[in-house]
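Structure, as structure tokens:
Values below: all heavy atoms of this structure, side chains included; hydrogens, waters and symmetry mates excluded. Order of the sequence lines fixes the chain letters, A, B, ..., with proteins taken first and strands second; residue numbering starts at 1 for each chain.
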Amino acid sequence: MSDIVEKIAQLNAPQQQAVKTDSKHVVVLAGAGSGKTRVLTHRIAWLVETGQATPHGVMAVTFTNKAAREMKSRVEELLPHQPYGMWIGTFHGIAHRLLKAHWRAVNLPENFQVLDSDDQLRLVKRIIRELAVPDDLIDAKQMQWTINGYKDEGLRAQYVPETADVHLSWQRRIYVAYEALCFRSGLVDFGELLLRAHELWLNNPTVLAHYQQQFQHVLVDEFQDTNRIQYAWLRVLCGDTVGLTVVGDDDQSIYGWRGARVENIWQIQDDYPDTEMVKLEQNYRSTAVILKAANAVISNNSKRLGKDLWTEDDGGEPIRLYAAYNEQDEAGYIADSIESQLDGGVIASDVALLYRSNAQSRVLEEALIRGQIPYRIYGGVRFYERLEVRNVLAYLRLIANRNDDAAFERVINVPARGIGAKSVELLRSTARDEGCSLWDATLLLLQKGQLKGRAGGSAHAFQELIKSLDPQASESELTLSALCKVVIETTGLAQHFEKEGADKARSRLENMQEVVNASRNYEDVAGELTPLDAFLSEASLDAGEGQAAEHEDSVHLMTLHAAKGLEFDHVFIAGLEENLFPHRMSLDVREGVDEERRLCYVGITRAKKHLCLTYAESRRLYGNDNRNRPSRFIEEIPSELIEAVRPTLSVKPTFSSMGGRLAEPMPMAMGQAGFQLGSAVRHPIFGDGIILAAAGAGANTSVTVAFENEGTKELMLQYAKLTAI
DNA sequence: TCGAGATTCCTTTTT
DNA sequence: GGAATCTCGA
């Protein structure tokens with residue numbers, strides 16, 4: 001007890017207020033770097049230590065598994081004893097846990113599976129096909145998006161209003177069919193987890209009463225990211241008795257496009273008039289310069305709750321701004337900067353390189369590789385979303401649940417075993433007519449002898465294979481990881497991918513091996529679930545960001561979205577151009593630019609010591625060159641905070657001096673030499689430079705190169721010993 | 001049924 | 001520009 005009091009005494013006044021308040025309902029508006037996680041963890045410890053809540057009576061909700069893990073370990077550090085039974089998890093994880101415990105009450109099969117977005121898309125496509133939707137009226141991706149949108153809003157298919165609009169009514173029909181199919185297959189998508197958990201409360205008063213009794217206090221992190229159904233779920237759970245503390249920052253709301261509602265912050269105050277609001281405005285993370293820039297940018301948004309972040313720090317290096325010729329130059333500059341930072345003793349893992357869209361990462365990666373700088377990309381294609389991994393998991397899912405149609409479809413013909421589109425179509429139509437799963441349809445057709453020849457034999461063999469692997473049906477006493485291994489080998493997946501060519505195959509095999517490794521962690525879990533079920537549900541609810549490589553000393557590359565919640569000494573943000581950041585797509589969405597600006601604010605405030613922004617005057621995107629003006633966000637930063645770094649070039653490249661020429665066809669000889677306009681090159685005497693222009697043809701081809709230290713020179717390609725760098 | 005060329009798509013995406 | 005998906009011929 002005295003321990004936690006001491007720790008809380010080290011917090012600043014508003015933080016202490018937020019931690020110790022007796023108010024039952026608290027909204028903590030916490031600016032970037034103001035210690036919101038600290039407040040949350042300390043409040044949990046305070047509630048427990050003062051006896052206002054038992055560990056069992058605390059629920060803490062986050063959005064990512066990573067955040068949940070982090071919170072758990074930090075709470076454990078604060079408390080003298082291991083807090084047993086505390087509910088710390090993601091919305092989806094907690095919902096999953098509830099549904100597993102009360103599957104009967106929400107009308108789900110005991111072994112229901114979580115459907116990830118790729119499977120979801122497949123199901124949607126299948127339904128669009130089956131319903132024979134008039135050609136191209138409905139796009140599957142968009143339909144998936146629509147369904148998720150409905151679910152985020154808490155809207156089931158039956159409640160979607162019927163309309164005369166052809167498009168909308170088809171959407172409604174597809175949604176209805178999709179729900180039916182999920183139900184039949186025992187599949188639950190991400191939105192469904194929340195929806196069912198909400199219905200669990202609504203339809204089962206005794207269950208709700210039980211949990212309202214159990215929990216004294218619920219705490220929510222990143223509250224600005226909650227959507228309607230998540231709030232509704234919280235609201236019902238908390239009722240009139242359970243305490244609720246939420247922490248959020250309206251300025252860091254960057255998931256509006258996914259249904260997040262900042263308004264939920266107001267909603268609490270409406271629902272609970274006694275709500276106390278605490279603002280945390282002192283920033284402990286960044287230098288004054290960085291903070292001023294962030295404040296200046298975000299002040300251009302009008303709809304704000306209004307916070308003014310301040311810091312005791314009063315200095316800081318200026319923000320560097322580099323205007324690159326093109327994305328190659330930009331990447332080269334960033335790589336060079338990082339290299340010299342590392343030479344100066346900076347640790348690679350204290351450096352982050354952020355960008356707006358994943359497509360930007362390739363060029364940046366290449367530059368880092370050239371500079372031999374260790375890096376690691378966060379996000380991008382997640383581990384459990386990789387093709388080979390998903391195939392292994394699909395086999396496992398089918399072993400766990402024969403009715404998992406999504407898994408069935410994925411692997412029935414992978415590796416190819418002679419059951420092609422025709423046969424699968426037959427299975428589908430039978431399944432539809434009989435209202436059964438694809439697995440049962442296969443059985444039925446085999447019995448009736450309607451699945452003959454090669455397809456029939458393969459289908460039978462396939463079913464036997466799955467059955468033989470099922471630990472429950474056979475006597476095999478395989479451990480989970482051994483089962484994984486067997487699956488990879490006996491199903492032929494390993495050989496299947498080996499055909500792909502050396503490099504790719506190796507990484508595929510490695511990833512599959514990684515599944516085997518990951519499964520080991522579930523072999524001796526205690527609980528109601530079998531190891532297989534535990535592993536599968538975890539796999540679908542966890543992005544699978546490698547835990548092992550976490551602490552490797554490498555530069556972090558990620559999108560701005562992925563960077564939220566993290567902090568780094570040195571931050572680079574690349575691609576500050578109109579149409580890229582703010583993104584083109586945001587420009588015609590209501591309040592789209594505001595959200596982009598918040599994203600920019602998030603990016604800037606990741607930096608503790610030093611921030612570098614870059615933009616390219618010309619950027620090759622999707623195969624053609626684009627010229628965009630520097631991002632408006634740059635102008636919004638007071639110029640006295642910025643130190644502009646131009647490439648060392650005597651003449652500033654303008655459209656007429658350089659861009660005009662960019663549009664001209666490049667002389668053949670240059671391409672043959674492996675160069676293009678904008679290529680970074682090295683000359684034995686003049687040093688490093690960038691090719692600005694080229695003229696002539698064949699042996700007479702000359703290039704204009706801007707050297708870092710020697711100014712701009714025109715060289716004959718034939719004689720100048722230029723090498724690409 | 002399979003695999004190679006053709007065509008298409010391309011913002012972010014914690015779950 | 002590149003992957004991912006689709007289509008068509010063998």
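Residue A:R362 places no side-chain N or O under 4.0 Å from the OP1 or OP2 atom of C:dG1. Remark: A:N358 is in phosphate contact with B:dT12, judged by side-chain N or O atoms under 4.0 Å from OP1 or OP2. The side chain of A:N65 places an N or O atom within less than 4.0 Å of a non-bridging phosphate oxygen (OP1 or OP2) of B:dT15. In terms of phosphate contacts, A:S586 brings no side-chain nitrogen or oxygen within less than 4.0 Å of OP1 or OP2 of B:dT11. Residue A:T559 has a polar side-chain atom (N or O) positioned under 4.0 Å from OP1 or OP2 of B:dT13. OP1 and OP2 of B:dT13 both lie 4.0 Å or more from every side-chain N or O belonging to A:N148.
Residue A:Y255 is classed as a base contact, given a heavy-atom separation below 4.0 Å to a base. Within the 4.0 angstrom heavy-atom criterion, no nucleotide atom of any strand lies near A:R584. A:D225 comes within contact range of at least one nucleobase, with a heavy-atom separation under 4.0 Å. Residue A:R417 is classed as a sugar-phosphate contact, given heavy-atom separations below 4.0 Å to backbone atoms only. Counting non-hydrogen atoms under 4.0 angstrom, A:T62 reaches nothing in the nucleic acid. Among the heavy atoms of the strands, none lies under 4.0 Å from A:E595.
The aromatic ring of A:H561 does not sit over the base of B:dT12, since the test of centres under 5.5 Å and planes under 30° is not met. Both stacking criteria are satisfied for A:W257 over the base of B:dT12: a centre-to-centre distance under 5.5 angstrom and an angle between ring planes under 30 degrees.
Between A:H96 and A:F112, the ring center distance clears the sub-6.0 Å criterion. Taking the six-membered ring for Trp and the full ring otherwise, the centers of A:F408 and A:F462 sit less than 6.0 Å from each other.
Of the candidate nucleotides B:dT11, B:dT13, B:dT15, B:dT11 has the atom lying nearest to any side-chain atom of A:M585. When distances run from any side-chain atom of A:T64 to the nucleotides B:dT13, B:dT15, B:dT11, the shortest one goes to B:dT15. Among the nucleotides B:dT15, B:dT11, B:dT13, the one closest to any side-chain atom of A:W145 is B:dT13.
Remark on DNA chain B: of its neighbouring residues A:F63 and A:Y622, the 5'-side contact belongs to A:Y622, judged by nearest-heavy-atom nucleotide. Heavy-atom distances to DNA chain B give each of A:H583 and A:H92 a nearest nucleotide, and the one nearer the 5′ end belongs to A:H583.
The distance from atom CD1 of A:I419 to atom C1' of B:dC2 is 14 Å, rounded to the nearest whole Å. One atom, CZ of A:R126, and another, P of C:dT5, lie 18 Å apart when rounded to the nearest Å. Summarising the geometry, the separation between CZ on A:R356 and P on B:dT12 is reported as 7 Å, rounded to the nearest angstrom. Separating the CG atom of A:L580 from the P atom of B:dT12 is a distance of 10 Å, rounded to the nearest angstrom. Atom CD1 of A:I254 and atom P of B:dT15 are 14 Å apart (whole Å). When the P atom of B:dC9 is taken as reference, atom NZ of A:K141 falls 10 Å away, rounded to whole Å. Rounded to an integer number of Å, the gap from A:Q144 CD to B:dC9 P is 16 Å. A:D116 has its CG atom 12 Å from the P atom of B:dT15, to the nearest Å.
For A:R597 and A:N301, the side-chain atoms include at least one donor-acceptor pair closer than 3.5 Å. Checking A:Q224 against A:E222 by side-chain atom types alone, a donor-acceptor pair falls below 3.5 Å.
For the ring-ring contact (aromatic ring centres under 6.0 Å, His included) with A:F581, the qualifying choice from A:Y355, A:F633, A:Y615 is A:F633, the only one to do so.
Taking the C1' atoms as reference points, C:dT5 lies 23 Å from B:dT12, given to the whole Å.
Its glycosidic angle being within 90° of 0, B:dT11 falls on the syn side.
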Discussion item. Let's go through A:Y255 and A:N227 carefully: what are the C-alpha distance in whole Å and the side-chain angles of both, what is the deciding distance for side chain to side chain donor-acceptor pair (under 3.5 Å) to 0.1 Å, and is it a yes or a no?
Written reply: CA-CA 9 Å; A:Y255 286 107; A:N227 61 30; over 6 Å; no
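Ion pair A:R598/A:D251 not flagged as a salt bridge, since none of the NZ, NE, NH1 or NH2 atoms sits closer than 4.0 Å to an Asp/Glu carboxylate oxygen.
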